[in-house]
2 protein chains.
Amino acid sequence: MQSEAIIRRSPLFAGLSDEDLARIASITTDRAFKRGQIIFSEGETASAFYLVVYGRVKVYKVSPEGKEQVLHIIDPAEPFGEVPVFSGHSFPANAAALEDCQTLVFPRSSFLELLRREPSLAMNMLGLLSRRLVRFARLVEELSLKEVPARLASYLLYLKDKSGGSSEVDLDIPKNVLSALLGTVPETVSRILNRMATEGLISVEGRRITILDNQGIQDYAVGL
Amino acid sequence: MQSEAIIRRSPLFAGLSDEDLARIASITTDRAFKRGQIIFSEGETASAFYLVVYGRVKVYKVSPEGKEQVLHIIDPAEPFGEVPVFSGHSFPANAAALEDCQTLVFPRSSFLELLRREPSLAMNMLGLLSRRLVRFARLVEELSLKEVPARLASYLLYLKDKSGGSSEVDLDIPKNVLSALLGTVPETVSRILNRMATEGLISVEGRRITILDNQGIQDYAVGL
DNA sequence: CGGTGACTTGACAGGATTCAACAGAAGTGG
DNA sequence: CCACTTCTGTTGAATCCTGTCAAGTCACCG
């Protein structure tokens, strides 16, 4: 069973004994979602949270007019939907599968029990939530204090870092999701990518982007 | 000593035994800040977090150009600066005193020890961080998906709710702080307040605002 | 009483969204 | 295997919200 393997890989469960890991695995159930499928919606009562086994998930908000703002892209081995486990009540945002994916479902009450018994698990969870807060603070900062080109440049640098420093990076998400993550619309992303290309900072071939002028991109990222 | 009184009132320490509360109080030290004084800055190594005894504190980000975005207004009995206790390292934002205030300082290591010993305290902290995440998600939503008038209307409704439902509310913070909280500038806040007044939705006398048309404000809050 | 900070108002510029049309790419089904 | 639909991405033009700049009022404090 691969569920225990993915649990073992997740930072959330780092440092726990084999017995604990087995006990954790025992309270989970598997659940698959098809690409585009909604996993949960804002306001719904939450009776469980999820861990991604494979595939990716977006967590997002929607305006009355239908515009989206992506809050997180969840990669394999990362949990999502864990907030209402502790703040009570209901999901504060929506989640949908970006690709076909497999998840592990952790029922709220069983997990809380485990948590109470195992201080390390609680500490891991505190670390997880704190890192999320740090990321949120950065997101707020970017949305409020920077313009779209700077956000896009930041994202390119993030991709570069993620790919181990290579100047050739692949957009890991479709551009409409990217724009929703940057708090803008696809048209704007398209235009800015274009501008950066004509300025000689990058070259774009479909979803593959090559950073030609690292310094130039960094200047963009801080706002010229 | 009022420190134990404020600890007792804080949700973070709810449900703990008197001994625990005494032990918690014993690891804290007092620290006062003058109005406007910086408490900590982004990037600084964090060796402690704070609990407000009286006065209020703003937690905020600053752009290279000096523009501010307020993330939280911290009221008495609320903690702040607790994130780096768990995510390691350094403060992800800045904090400054909005008024003369008194705080309790919790050293990181002693607090972590307490936390490990007392599961309820860990659960309380998980609840606290989760609520912060919910608030952040809402902030991101407002900044990205709503225009300034809608954000301002939301804030007015928040004030009304906070004051127990009275239609007469007092702005609890100066307008330049309010604008930084709404992700805009004082001029814009001024103009929108004016527009709402001429539309008969509110009346403004200095810092006191009377909501004349609740439905109208609610319509504003969701975007017309 | 000079001075600083809070707040307001007007004029202006500009970044970004909206609307619309279109080109490829991808996925579906007969 | 090809036509058809759908989704993704691009480009252009017009609009508008919001920030910036500048000036000026009012209140409070040393």
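Numbers restart at 1 for each chain; the letters A, B, ... are given by sequence-line order, proteins then strands. Only this structure's heavy atoms are used, side chains among them; waters, hydrogens and symmetry mates stay out.
- B:Gly206 comes within contact range of no nucleotide atom at all, as no heavy-atom separation falls under 4.0 Å.
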Q: For the pair A:Tyr220 and A:Glu199, evaluate side chain to side chain donor-acceptor pair (under 3.5 Å) and give the outcome as yes or no after the intermediate values.
A: CA-CA 12 Å; A:Tyr220 254 102; A:Glu199 287 176 0; 3.0 Å; yes
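- Within the 4.0 angstrom heavy-atom criterion, only backbone atoms of the sugar-phosphate kind lie near B:Val148; the bases stay farther away.
- One can place CG of B:Leu145 at 16 Å from C1' of D:dC17, the figure rounded to the nearest angstrom.
- Atoms CG (B:Leu182) and P (C:dC7) sit 13 Å apart, rounded to a whole Å.
- The CG-C1' distance, from A:Leu171 to D:dG9, rounds to 12 Å in whole Å.
- One can place CZ of B:Arg151 at 7 Å from P of D:dG19, the figure rounded to the nearest angstrom.
- The side chain of B:Thr188 has D:dT18 as its nearest neighbour among D:dT10, C:dT17, D:dT18.
- Between the side chain of B:Glu187 and the base of D:dC21, at least one donor-acceptor pair of N or O atoms lies under 3.5 Å.
- Under a 3.5 Å cut-off, the side chain of B:His72 and the backbone N or O of B:Val70 do not form any donor-acceptor pair.
- The base of C:dT18 is paired with the side chain of A:Arg191 by a donor and an acceptor separated by under 3.5 Å.
- Distance, B:Arg207 CZ to D:dC28 C1': 12 Å, rounded to whole Å.
- Regarding A:Ile192, its CD1 atom lies at a distance of 8 Å from the P atom of C:dT17, rounded to whole Å.
- Minimum atom distance to the side chain of A:Pro186 is reached by D:dT10, of the listed D:dT8, D:dT10, C:dG15.
- Considering A:Thr184, A:Leu143, A:Val62, A:Leu182 in turn, A:Leu143 is the only one that fulfils the side-chain contact (heavy atoms from CB on, under 4.5 Å) rule with A:Gln69.
- Side-chain proximity of A:Val185 to the nucleotides C:dT18, D:dG9, C:dG10 is greatest for C:dT18.
- For A:Arg35, taking side-chain heavy atoms from C-beta onward, the closest of the listed nucleotides D:dT18, C:dT8, D:dC7 is D:dC7.
- Backbone-only engagement by B:Gly183 is indicated by non-hydrogen atom pairs under 4.0 Å involving sugar-phosphate atoms exclusively.
- Ion pairing between B:Glu142 and B:Arg151 fails under the 4.0 Å rule for side-chain N and carboxylate O.
- The shortest distance between the side-chain N/O atoms of A:Asn194 and the OP1/OP2 oxygens of D:dT11 is below 4.0 Å.
- Distances from the side chain of B:Thr184 to the nucleotides C:dC7, D:dT10, D:dT18 place D:dT18 closest.
- Environment of CZ in B:Arg35: sparse, with no more than 12 heavy atoms of neighbouring residues, nucleotides or ligands closer than 6.0 Å.
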(Q) Run A:Phe111 and A:Met125 through side chain to side chain contact (heavy atoms under 4.5 Å, CB included) and show every step you take. (A) CA-CA 11 Å; A:Phe111 185 75; A:Met125 187 54 93; 3.7 Å; yes
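- Atom CG of B:Leu143 is separated from atom P of C:dT17 by 14 Å (rounded to the nearest Å).
- Within the structure, every side-chain polar atom (N or O) of B:Lys175 is placed at least 4.0 Å from both OP1 and OP2 of C:dG5.
- The phosphate of C:dC7 (OP1 or OP2) has no side-chain N or O of B:Ser190 nearer than 4.0 angstrom.
- Between A:Lys67 and the phosphate of C:dT18, there is no side-chain N or O to OP1/OP2 separation shorter than 4.0 Å.
- Residue B:Glu142 contributes atom CD, which lies 17 Å from atom C1' of D:dT18 at whole-angstrom precision.
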